[in-house]
Structures are given as C-alpha cells and as structure tokens.
Amino acid sequence: MSGRPVSVAVIGAGMAGRSHAAGYRQANTVFGRGLPPIRLAAIADANTALAEDAADRYGFESALSSWEAVAEDPSIDAVSIVVGNALHRPIAEALVAAGKHVLCEKPLASSVEDARAMVALEQGADVVTAVGYTYRRAPAIAAIRDHVRQGDLGGLSLFHGRYWCDYACDPRGPYGWRYQGAPGTGALGDIGAHIIDVGEYLCGPIESVAGGALSVQVAKRPIPLGAVVGHEAAPVGDETGEVENEDTAVFTARFRTGLTGSFSVSRTAFGMPNGLGFDLYGLSGRTSFDFPRPAAYLLDDTQPAARGRGPRQVIAGPQLPYFRGGYPMQAPGVGGGNAEMFTYQCRAFLDQITGAADPLPANASFADALHTMEIIQAVVQSAQAGGASVPVR
Ligand SMILES: NC(=O)c1ccc[n+]([C@@H]2O[C@H](COP(=O)([O-])OP(=O)(O)OC[C@H]3O[C@@H](n4cnc5c(N)ncnc54)[C@H](O)[C@@H]3O)[C@@H](O)[C@H]2O)c1
C-alpha cells in the first residue's frame with residue numbers, strides 16, 4: 001500500500017468497540033513512524049446515540065447506525081468488528097466481499113460452523129483477516145514467553161490458567177447476548193478464549209482436553225428495558241430469559257509437548273472484575289502473572305543453591321517487549337494495561353495491512369481463532385461425556 005491515508009472504521013461502540021476506537025486513534029503514536037496517516041472514518045452502532053458519543057470522543061468523522069453502511073462505503077479500507085459474536089460471520093462476509101481488511105473480536109463466531117465458514121472466507125481473501133487476542137500484547141506476558149523460549153524456566157512441567165470475572169454474579173444483571181447460545185458460548189467463549197490463547201502462546205498447541213465440567217449459577221436473568229453496554233447494569237423488567245450457556249467451566253489440557261495443564265474460567269467469581277492470570281512451572285524456574293497487577297510478574301529462575309528463597313517481582317519497564325516505543329513515558333514502574341494492548345493490536349493490524357518494514361508480531365488469523373473454538377468444543381464434548389478425554393481436531 002502507498003503512503004495514502006488508511007481509512008478505518010469500528011463496528012460496535014460498546015465496551016470493547018470504544019477500546020478499538022481509542023486504539024486506532026493512538027496507533028500512529030507508538031513504535032515509530034512506520035505507518036501512513038490513519039483516517040478515523042466512522043463508528044457504526046445500531047444504538048445511534050452510542051455511536052455518536054464514541055465518534056465524538058475518539059475523533060471519528062462520522063457516526064453510522066448500521067454496519068451495512070460501513071460495508072457500502074468505498075472510502076473505508078479497514079474495519080474492526082466489535083459486536084456480539086453471532087454477528088461476526090455475516091459482517092465479516094460482507095466486509096471481505098467489499099474488499100475491506102477485517103480485525104474481528106474473539107471468539108471468532110458463535111458456532112464452530114460459522115467459524116469454519118469464516119476460515120474459508122479467509123483462504124480466498126485478498127485482504128488481511130485478523131482476530132484480536134489482546135492479552136498477547138501485555139508486556140509482562142510477552143516477556144514471560146521470551147523466558148520460556150530462552151529456557152529460563154527449564155523444561156515446562158505445569159501450567160494453570162484462569163480467567164475469573166464477576167460480571168454475572170448479580171442475578172439482576174440484564175439478560176444480554178452473552179447469555180444466549182449453545183454450551184461453550186458462555187464463559188468459555190467470552191473469557192476462556194483469551195486464557196486458552198495465552199496458554200498456547202506460552203506453551204504451544206493443545207492436542208486434547210479432559211475433565212470438562214460446566215455449570216450455571218444464575219439460571220434466569222431479567223430482560224432489559226433498553227440498551228445494555230458491556231457488563232453495565234441497566235433498567236430491567238419482570239420478564240426473564242433463560243441463561244443458555246455456562247457461567248463456569250473447568251478442564252485439563254494436554255499440550256503437544258506432553259505438558260499438562262488446567263484451566264478454570266468463570267463469570268460468577270465474586271470480587272474478580274477481570275482476573276486473567278496463570279502460574280507456569282518448569283524444572284528450574286517458575287513464573288506467575290495476574291492481570292489485576294498488569295505491570296509486574298513473579299519470576300524465580302534462581303540457581304539450585306538459592307532454591308526456596310522465593311520469586312522476585314519484575315516491574316514492567318522499557319526492558320519488556322512492547323514497552324519500549326509503546327509507552328509515552330519510558331520509565332519502569334509507570335503502570336500500563338488494557339488500553340495500551342488495544343493500541344498495539346490496532347497497530348499490528350495496520351502494520352499487516354500496509355506491509356510495514358518493521359511490523360509488530362501479526363495478529364492471530366481466523367484459522368488460529370477457529371482452533372481456539374475447536375478446543376472449546378472439545379471441552380463441551382468432554383463435559384457431556386462425563387469428563388472423558390477428547391482430541392482437538
Ligand atoms: N478483547 C477483549 O478484551 C474484549 C473485551 C470485551 C468484549 N470483547 C468482544 O467484543 C465484542 C463486543 O463485546 P462488547 O462487550 O463490546 O459488547 P457490547 O454489548 O458492549 O457492545 C456491542 C454493541 O453492538 C451493537 N450492535 C448490536 N447489533 C448491532 C448491529 N446489527 N449493527 C451495529 N451494531 C450493533 C450494540 O448496540 C452494542 O453497542 C464481542 O465479540 C466480545 O467477545 C473483547
């Protein structure tokens with residue numbers, strides 16, 4: 001692509017849509033001058049007031065009331081899909097047919113069938129198709145991956161990943177799209193997709209799962225009287241809707257290397273607003289990470305003589321991936337978190353589109369995200385078979 005501006009749009013102005021909008025706005029302020037100018041063209045949402053507010057806040061030229069209007073606008077080059085998962089496939093199909101680059105939120109779709117159709121679309125596409133696994137862009141998680149690859153932990157022996165949230169604890173919380181869909185589209189698809197991706201990012205591909213168990217803690221929820229944004233409370237009536245998918249899930253996994261691990265995800269874990277974390281052990285080291293403290297991680301890679309003295313805390317700073325060039329203040333201990341990860345994700349997408357000379361690591365493909373969904377499907381099958389081992393196809 002030449003140096004002409006790249007025009008971007010965001011479909012969905014809810015919780016995560018605003019994060020994409022903010023990410024595009026910041027994308028040209030990080031990692032040097034590799035990108036052409038970014039034109040912030042449009043934000044589309046069926047909730048027009050929300051689209052207008054987001055366009056105004058993040059400096060986008062227009063607010064549109066339908067995703068179709070984005071697909072039909074020939075001036076738009078690249079689009080983020082940030083709406084409920086059941087809409088990902090039809091929107092991606094229309095955008096790719098219109099020749100637009102697509103960055104789709106996770107999980108890729110609301111069914112494996114839809115996800116496979118999106119992979120077929122990707123295979124024939126002459127545009128970039130990408131999926132946002134934002135946590136790969138957390139400096140501490142990327143640094144931990146470097147430790148693993150450098151052998152700082154020795155041969156890996158145990159992984160435990162968790163993503164514990166509490167957004168579904170309140171039984172008066174409104175019945176939104178997250179509670180509708182087959183088993184696997186609840187906590188597993190919504191937050192499990194992230195920690196499964198992190199587990200594979202650190203430890204390699206998962207080949208089979210076992211011990212799957214799913215449960216629902218709040219069986220019915222009140223229907224909202226109006227629009228709902230993300231996990232926010234909203235006025236509700238007396239009518240209720242049936243929660244169709246899991247609030248909580250656990251399973252074990254076997255990685256291709258032979259490593260075994262365990263995962264637990266829940267949207268009903270009181271007091272944990274956004275508790276993605278993991279512990280990773282090897283024969284000569286260990287590390288732990290918790291997103292509530294995103295700018296630090298624990299590392300014990302001491303020599304045998306010091307074993308048992310405990311891990312040290314590594315404070316994020318310019319020595320970590322993404323931090324140098326990715327934060328305005330190049331100094332350790334200044335924090336960092338969710339918004340920056342979306343900026344790096346948008347930047348990586350734009351690097352991919354423009355063929356940047358020194359790109360950030362590319363985003364996951366639709367095919368990668370289908371694999372995550374196949375793991376989730378295997379967990380559901382394991383649960384339905386009383387915890388049996390199920391290969392990931
Ligand atoms: N990467 C992350 O950390 C992260 C975090 C949250 C959500 N997500 C993902 O982002 C996506 C959206 O989640 P959210 O929490 O922002 O949802 P949300 O419910 O807050 O927002 C979705 C928006 O889509 C709009 N919408 C619904 N139907 C539409 C249509 N036909 N045309 C245009 N707009 C329409 C709604 O009005 C709403 O504002 C999901 O795929 C979710 O899994 C990712």
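This is a predicted model, so every value here is computed, not measured. Whatever order the structure lists ligands and atoms in, that order sets their numbers, starting from 1.
Here the options are Arg286, Arg309, Arg312, the test is salt bridge (Lys or Arg N to Asp or Glu O under 4.0 Å), and the partner is Asp301; only Arg312 passes.
Seen from the ring of Tyr179, Arg221 counts as a face-on cation partner, given the 6.0 Å and 45° thresholds.
Ring centroids of Phe263 and Phe251 are separated by less than 6.0 Å, placing the two rings close together.
Relative orientation of the Phe323 and Tyr327 rings is parallel, given thresholds of 30° and 60° on the angle between their planes.
If you check the side chains of Thr268 and Gln217, you find a donor sitting under 3.5 Å from an acceptor.
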Close N/O pairs between ligand 1 and protein, under 3.5 Å:
from, atom 1, to, atom 2, distance (Å)
ligand 1, 1 (N), Glu105, OE1, 3.2
ligand 1, 1 (N), Glu105, OE2, 3.3
ligand 1, 1 (N), Thr134, OG1, 3.2
ligand 1, 1 (N), His194, NE2, 3.4
ligand 1, 3 (O), His194, NE2, 3.4
ligand 1, 15 (O), Arg178, NH1, 3.2
ligand 1, 15 (O), Arg178, NH2, 2.9
ligand 1, 16 (O), Met15, N, 3.2
ligand 1, 16 (O), Ala16, N, 2.8
ligand 1, 19 (O), Trp177, NE1, 2.9
ligand 1, 20 (O), Met15, N, 3.1
ligand 1, 20 (O), Gly230, N, 2.6
ligand 1, 34 (N), Ala46, N, 3.1
ligand 1, 37 (O), Asp45, OD1, 2.5
ligand 1, 39 (O), Asp45, OD1, 3.3
ligand 1, 39 (O), Asp45, OD2, 2.7
ligand 1, 41 (O), Val83, O, 3.2
ligand 1, 41 (O), Asn85, OD1, 2.6
ligand 1, 41 (O), His88, NE2, 3.1
ligand 1, 41 (O), Lys106, O, 3.2
ligand 1, 43 (O), Lys106, O, 2.8
ligand 1, 43 (O), Lys106, NZ, 3.0

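In the hydrophobic clustering (ILVMFWY side chains linked at under 4.5 Å, chained through shared members), Ile81 is joined by Ile11, Leu64, Trp67, Val70, Ile76, Val79, Val83, Leu87, Ile91, Leu95, Val96, Val102, Leu108, Val112, Met118, Val119, Leu121, Val127, Val131, Tyr133, Phe366, Leu370, Met373.
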